[in-house]
Amino acid sequence: MTAQLLPPERNHSPSLLGDLPDFQKRALEMLLDLAHNYGPVTRIRLGPVTQYVITEAEGAHHVLQKNSRNYTKEQSFMDVARLALISGDDLFTSDGDPWLHRRRLMQPVFHRRVVNNFRDIIVEESARMLDRWPHGQMLDLEAAMMDVTMSIIGRSMLSQNILDDHPQLYHAFSEVSGFVLDKATTLSLRLTPLFVPTPRNRAFKHALSVIRDTLGDVVRQRRQLPAEQHPPDLLSLMMAGHDDESGFTLSTAQLMDELFGIVTAGHETSAVTLSWLFYELARHPEVEAQLVAELDRVLAGRMPTVEDLAALPYLQQCVDETLRRYPAAYVTTRQSIGTDEIAGFPIPAHATMLINIYGIHHHRDDWQHPERFDPDRWSRDEIDRLAFLAFGAGPRKCIGEPLARLEMALITACVLQRFRFRPADRPSRLVTRFTLRAEDGVWLMAARRNGE
Ligand code: HEM
């Protein structure tokens, strides 16, 4: 090992909180500042914890892929996330062998061939949503996409419509994911144990019991059915799945945790990406026109199929550009096990690593005019796919990517065949929540294409 100098520190103030106030108030500005004004590795201090921020594609791939054995999922956030679990672990929060057994079991469940079977559900739910949309009125696209992706994940996972059949479950999911995020990032919440009967703790516990009761009923009812009567959904596939090498299968509690994890990881991410895509289309009529022309040429007014997607390259470019410009997972974290070296800097053992996905997606060395929404960049030679980390990289890369891509492409195709959008008076402001969201929703003027 040749590394000597510590990575630069962003903030030299003696305050005990360090960069924490900045991170809480202006996280995206800070992530961009790290990309534009610091090197590939920077140290920031979030309260008592020093974080090693990686803002370079090569360094990120080193942590997530090349030397991934030296990095575990960072403990503090995962500890809080585990509060929402019954069995104590799911695919997202586990590490080591328990993670490997789950990943091997789940990989075939999320294979492209399998998720392509959900095409009908996606198209039907999109049509149901569009039938209800008014003509010539302002619409919150973020809320609409949250609803439609929740309906899709509910039907493809449980063969049930969560919005219609279990509205209380929908609210409970947002309460729990909001609580987990706030507890992980707010010192006062972190220091308040769960047994203290504060309104927030009580609301969290109530939401958790709604989720456990509802999912528990679904899993138990499914277990009582003979296998040949199981509907062809993700739950049936997970129940039937096993890891060939270890023989691992999922217990009822573990199944419930996986279902919970999939809704949490898979619904808001796709929804916010879609809402930012429509937001950008409304602000770039020339991009919208090119995309609509492609859809009209290939589909000629009929509903899209999975096979159509290969003939819609500009649609893929628009989705990729949205994922670059608005990566729903704007950062991810790891913890080093032993020492390491990145870009010539020493990384100590047990260091908290922050992979600055947002900063890497806006790095001027990798992207020309990174602040511009420019789907055409994906057809030019300039692209370095290593600098695109929307779905992560390495062994823990997003398992839901095939489903997310199918869902985003089909929904966009269905929507644009019937509606066009124009921007609201004022732009939407980005905020960092569990994902990259808009402060007050993504409001756009929606007009039917046939003008009715
Ligand atoms: C636009 C949509 C999505 C984005 C941007 C996204 C992003 C990501 C990223 C960046 C990771 C890696 C996190 C890390 O390395 O720490 C990840 C992991 C994961 N994602 Fe997604 N995701 C999306 C959709 C989905 C969907 C639809 C599902 C499931 C239905 C899903 C399930 C998961 C799971 C279970 C993991 C953990 C995998 C593991 O640790 O082995 N995601 N996602």
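Each residue takes its place number in the sequence, starting with 1.
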Quick one: do the [X] and [Y] side chains pair a donor with an acceptor below 3.5 Å?
X	Y	answer
Ser94	Asp89	no
His62	Asp340	yes
Arg364	His369	no
Thr352	Gln51	no
Glu280	Tyr326	yes
Ser251	Gln254	yes
Asp147	Tyr170	yes
Arg223	Thr252	yes
Asp376	Ser379	no

Spatial distance of atom [atom1] ([X]) from atom [atom2] ([Y]) [nearest 0.5 Å]:
X	Y	atom1	atom2	answer
Asp97	Arg103	CG	CZ	15.5 Å
Ser336	Met353	OG	CE	6.5 Å
Leu416	Arg449	CG	CZ	7.5 Å
Phe278	Ile411	CZ	CD1	7.5 Å
Asp90	Thr264	CG	OG1	8.0 Å
Ile355	Thr333	CD1	OG1	8.5 Å

Close side-chain approach of [X] and [Y], heavy atoms under 4.5 Å:
X	Y	answer
Thr322	Tyr279	no
His361	His363	no
Tyr358	Thr432	no
Phe421	Val415	yes
Arg202	Lys205	no
Ile347	Tyr52	yes
Val109	Leu234	yes
Ile262	Phe110	yes

Residue [X] excluded, over 12 heavy atoms near [atom1] under 6.0 Å:
X	atom1	result
Gln107	CD	yes
Gln229	CD	yes
Arg385	CZ	yes

Check whether any side-chain N or O of [X] sits under 3.5 Å from a backbone N or O of [Y] as a donor-acceptor pair, and report yes or no.
X	Y	result
Glu142	Ser275	no
Trp99	Phe92	no
Asn356	Val53	no
Asp165	Asn161	yes
Ser270	His267	no
Glu321	Asp374	yes
Arg324	Ala387	no

* To do: With sequence neighbours excluded, tell me which residues meet side-chain contact (heavy atoms from CB on, under 4.5 Å) with Glu228.
  => Pro226
* To do: Under the side-chain contact (heavy atoms from CB on, under 4.5 Å) rule, collect the residues that match up with Arg112, sequence neighbours excluded.
  => Asn116, Pro402
* Cationic tip of Lys183 above Phe204 ring, under 6.0 Å, 45° of axis -> no
* Establish, for the pair Arg325 and Trp276, whether the NZ or CZ atom is under 6.0 angstrom from the six-membered ring centre and no further than 45 degrees off its axis. => no
* **side-chain contact (heavy atoms from CB on, under 4.5 Å) evaluation trace for Glu175 with Arg200** => CA-CA 9 Å; Glu175 174 66 38; Arg200 200 72 206 273; 4.0 Å; yes
To check you understand the geometry: which heavy-atom pair defines the closest contact between [X] and [Y], and what is its length?
X	Y	value
Ser246	His101	OG-CD2, 3.4 Å
Pro304	Gln417	CD-NE2, 4.1 Å
Pro108	Val114	O-CG2, 3.4 Å
Ala343	Val41	CB-CG2, 4.3 Å
Leu389	Ile357	O-CD1, 3.7 Å
Leu410	Val123	CD1-CG2, 4.5 Å

* To do: For this output row, return yes or no: ring centroids of Phe388 and Trp378 closer than 6.0 angstrom.
  => yes
* **Within the 6.0 Å centroid threshold, strictly below: Phe248 and His242** => no
Summary of salt bridge (charged side-chain N to carboxylate O under 4.0 Å, His left out) pairs that have at least one residue in [range], sequence neighbours excluded:
range	result
residues 252-265	Arg102-Glu258
residues 403-415	Asp320-Arg405, Glu401-Arg405
residues 308-317	Arg302-Asp308

Only distances under 3.5 Å count here; give the side-chain donor-acceptor pairs of residues 206-220 to other protein atoms, sequence neighbours excluded, each with its distance to 0.1 Å.
from   : atom 1 : to     : atom 2 : distance (Å)
Ser209 : OG     : His206 : O      : 2.8
Arg212 : NH2    : Leu85  : O      : 3.2
Thr214 : OG1    : Val210 : O      : 2.5

* Audit row: Asp440, Ser428, side-chain contact (heavy atoms from CB on, under 4.5 Å) steps and yes/no -> CA-CA 7 Å; Asp440 302 308; Ser428 297; over 6 Å; no
* **Verdict with reasoning, Val263 to Met150, per side-chain contact (heavy atoms from CB on, under 4.5 Å)** => CA-CA 8 Å; Val263 174; Met150 184 56 103; 3.8 Å; yes
* To do: Check Arg222, Arg155, Gln160 against Asp233 for a side-chain hydrogen bond (donor to acceptor under 3.5 Å, both in side chains) and give me the one that passes.
  => Arg222
* Worked check of side-chain contact (heavy atoms from CB on, under 4.5 Å) between Leu354 and Ile54 -> CA-CA 6 Å; Leu354 190 84; Ile54 310 293; over 6 Å; no
* In terms of side-chain geometry, is the basic nitrogen of Arg334 or Asp95 positioned less than 4.0 Å from the acidic oxygen of its partner? -> no
